[in-house]
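Report on the following structure.
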Number of protein chains: 2
Amino acid sequence: MEMAPEDEGHQQHQPNRLGEMAYRNMKERLIRGAFSPGDKLTIRALSEMLDVSTTPARDAINRLVIDGALIYSGPKTVIVPHLRLSDLEEITQMRLALEGLAAALSVKAAGEQTIEELELLQAKIDTALDEKRYFDALWHNKEFHFAIYRLSGMPYLLQVIETLWLRVGASFNGLYPEFSETRYGARNHRAAIEALVEKDAAAARAAIESDIRDGFRQMKKITADGDQRNLCRR
Amino acid sequence: MEMAPEDEGHQQHQPNRLGEMAYRNMKERLIRGAFSPGDKLTIRALSEMLDVSTTPARDAINRLVIDGALIYSGPKTVIVPHLRLSDLEEITQMRLALEGLAAALSVKAAGEQTIEELELLQAKIDTALDEKRYFDALWHNKEFHFAIYRLSGMPYLLQVIETLWLRVGASFNGLYPEFSETRYGARNHRAAIEALVEKDAAAARAAIESDIRDGFRQMKKITADGDQRNLCRR
DNA sequence: CATGTTTTTTTGTTGCAACAAAAATGTGAA
DNA sequence: TTCACATTTTTGTTGCAACAAAAAAACATG
């Protein structure tokens, strides 16, 4: 007996469907700033919010805690963490190492199509800033970076980098519009594109590292306190 | 009125006690080579093995899958993965970036006590090799590396590095005694200790990077196949 | 008002069972 | 044997409830 047309694309089986969905959903919300540092999250509240049972909600929260996107403030209390300066410094160091690596590796796979995509994304960033849509600008900025990193062909590397972005992203909002307005990244992005065109690994790494460093300085300047206080308002 | 600093992240409690225990237990077993690539793991089998219910067993397996220490070979089948050359290359690149960073940062905190500890660990490695206790040698080798990395004072960095070691460690055994016998690491370890004594960050990074590269070459030579085949016997 | 103390409510953990889907096994024909 | 098909067993997922512990609220006391 003939089987139904099994579309050639091999189906990606999805283990832990609801839990994975809850995790991605929460990740998105955290990056988009749906929660503020200090907000308390509970399994039952999340399960109600996403209309699933407690098991997938618990899976999502546990995983976010492992990522560092949520932390325990007590034995039975998980909250959105206040990002301390020491955290930001650690994350920045790791970003420099890993995103620098990804950028250096990306030049091998960089083609014309990629360049066009990056140019387009940079244009989107610029127009978003012109129109003061700061959130969109930051979103396209992320797309720009990961469009490059994806060229490295290293999936686990990408996963770790994304987790680092998640951790800063969660405590990122509230810094508008000061943070985005400066357009600190434009020059670095241009340099990165140029490096990809010329397939210069060292230059690509330098451009990305410079972008990360500028962003770090920018965040530090805005928050304007060098001690253990958190980096977010309220 | 002034409130005391809340110090939200650094409390000591154990959320998910049984699940965490199961996770650590499995991690240990994987590194020690209790399983071979291709072995199938099931929730119920693990829950019976560790004498807990299915929930903590499921938590442990899910987390190991996230780490990459286990993978799905089918919708309902998780196995110990065969480490492919491309995986080893990705892991090695990330190790160079992150362990190089940790080593460079470690020199700031390196004191006399640390040096003595490292000398002692290196002595243990040497004697273990002399007595052909290859597993002990590899264990002390790990202790040596992490004794340095711990000086960086960056907990999340350490966590990511440890996950990378877990992934190679799981497919590592079966390479005895060829791998350990060569003592490729002794020279690099000496160089690392020397760098810490002189607080030379660049030298520390170079020594660790050299160690990682030598280990990678060693593994590649032993396995002796450059294609997609796995790196483990059987 | 401030501050301990008690009571009530909430919460994470853990075990477990039902269910559908997948894997393993059995069966038979060429 | 080998392959295709049918049957049985196993498995992950998901929801849920009991329990102890923790958090919140209520209360009392100075």
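Lettering of chains follows the sequences in order, A, B, ..., and the numbering in each one begins at 1. Note that the coordinates shown come from a computational prediction; the quantities given were computed from them, not determined experimentally.
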Problem - Side-chain touch A:Arg213/A:Arg95, heavy atoms, less than 4.5 angstrom - result: no
Handout entry: Interatomic distance where CG belongs to B:Asn16 and C1' belongs to D:dA22 [whole Å]
Key = 17 Å
Problem - A:Thr55 side-chain proximity, nearest of C:dG15, D:dT14, D:dT11 - result: D:dT14
Exercise for the section: Kindly say if A:Lys40 contacts the phosphate of D:dA24, meaning a side-chain N or O under 4.0 Å from OP1 or OP2. Expected result: yes
Practice task
To the nearest Å, give me how far apart CG (B:Asp59) and P (C:dG15) are.
Solution key: 11 Å
Exercise for the section: Nearest-nucleotide wise, let me know which of B:Asn62 and A:Arg44 is further upstream toward the 5' end of DNA chain D. Expected result: B:Asn62
Handout entry: Proximal nucleotide (of C:dT13, C:dG15, D:dT14) relative to the B:Arg58 side chain
Key = D:dT14
Problem - Closest listed nucleotide, where the reference is the side chain of A:Tyr72 and the choices are C:dG12, D:dT14, D:dT13 - result: C:dG12
Practice task
Would you mind checking if A:Arg32 and A:Glu28 are paired as a salt bridge, meaning a charged N to carboxylate O distance below 4.0 Å?
Solution key: yes
Practice task
Look at A:Glu20 together with A:Arg63 and state whether they make a salt bridge at an N to O cut-off of under 4.0 Å.
Solution key: yes
Completion exercise
In whole angstroms, the gap separating C1' of D:dG12 from CD of A:Glu20 amounts to 14 Å
Handout entry: Euclidean distance, atom CG of residue A:Leu18 to atom P of C:dA20 [Å, nearest integer]
Key = 15 Å
Practice task
Could you state the atom-to-atom distance from OH of B:Tyr23 to C1' of C:dT14 in whole Å?
Solution key: 21 Å
Completion exercise
Here the pair of heavy atoms bringing A:Tyr149 nearest to A:Ala102 is CD2-CB, 3.7 Å
Exercise for the section: Compare side-chain N and O positions of B:Ser47 against OP1 and OP2 of C:dG15 and report whether any pair is under 4.0 Å apart. Expected result: no
Problem - Touch class at under 4.0 angstrom, heavy-atom based, for B:Leu41 against every strand present - result: sugar-phosphate
Exercise for the section: Consider only side-chain N and O atoms of A:His145 and A:Asp211, and report whether a donor and an acceptor are under 3.5 Å apart. Expected result: yes
Exercise for the section: Would you kindly check whether a donor in the side chain of A:Lys76 faces an acceptor in the base of D:dA23, or vice versa, at under 3.5 angstrom? Expected result: no
Practice task
Using atom CD1 of B:Ile43 as one end and atom C1' of C:dA23 as the other, report the distance to the nearest whole Å.
Solution key: 15 Å
Handout entry: Touch class at under 4.0 angstrom, heavy-atom based, for A:Thr42 against every strand present
Key = sugar-phosphate
Fill in the blank from the handout: Separation of D:dA24 atom P from A:Ile79 atom CD1, nearest Å, is 11 Å
Fill in the blank from the handout: From the candidates D:dG15, C:dG15, C:dA23, the one with an atom nearest any side-chain atom of B:Thr77 is C:dA23
Handout entry: Sugar-phosphate, base or nothing in reach of B:Thr54, heavy atoms under 4.0 Å
Key = base
Completion exercise
In whole angstroms, the gap separating C1' of D:dA21 from CD of B:Gln14 amounts to 15 Å
Practice task
Please work out if B:Arg17 contacts a base, only the sugar-phosphate, or nothing of the nucleic acid, heavy-atom cut-off 4.0 Å.
Solution key: sugar-phosphate
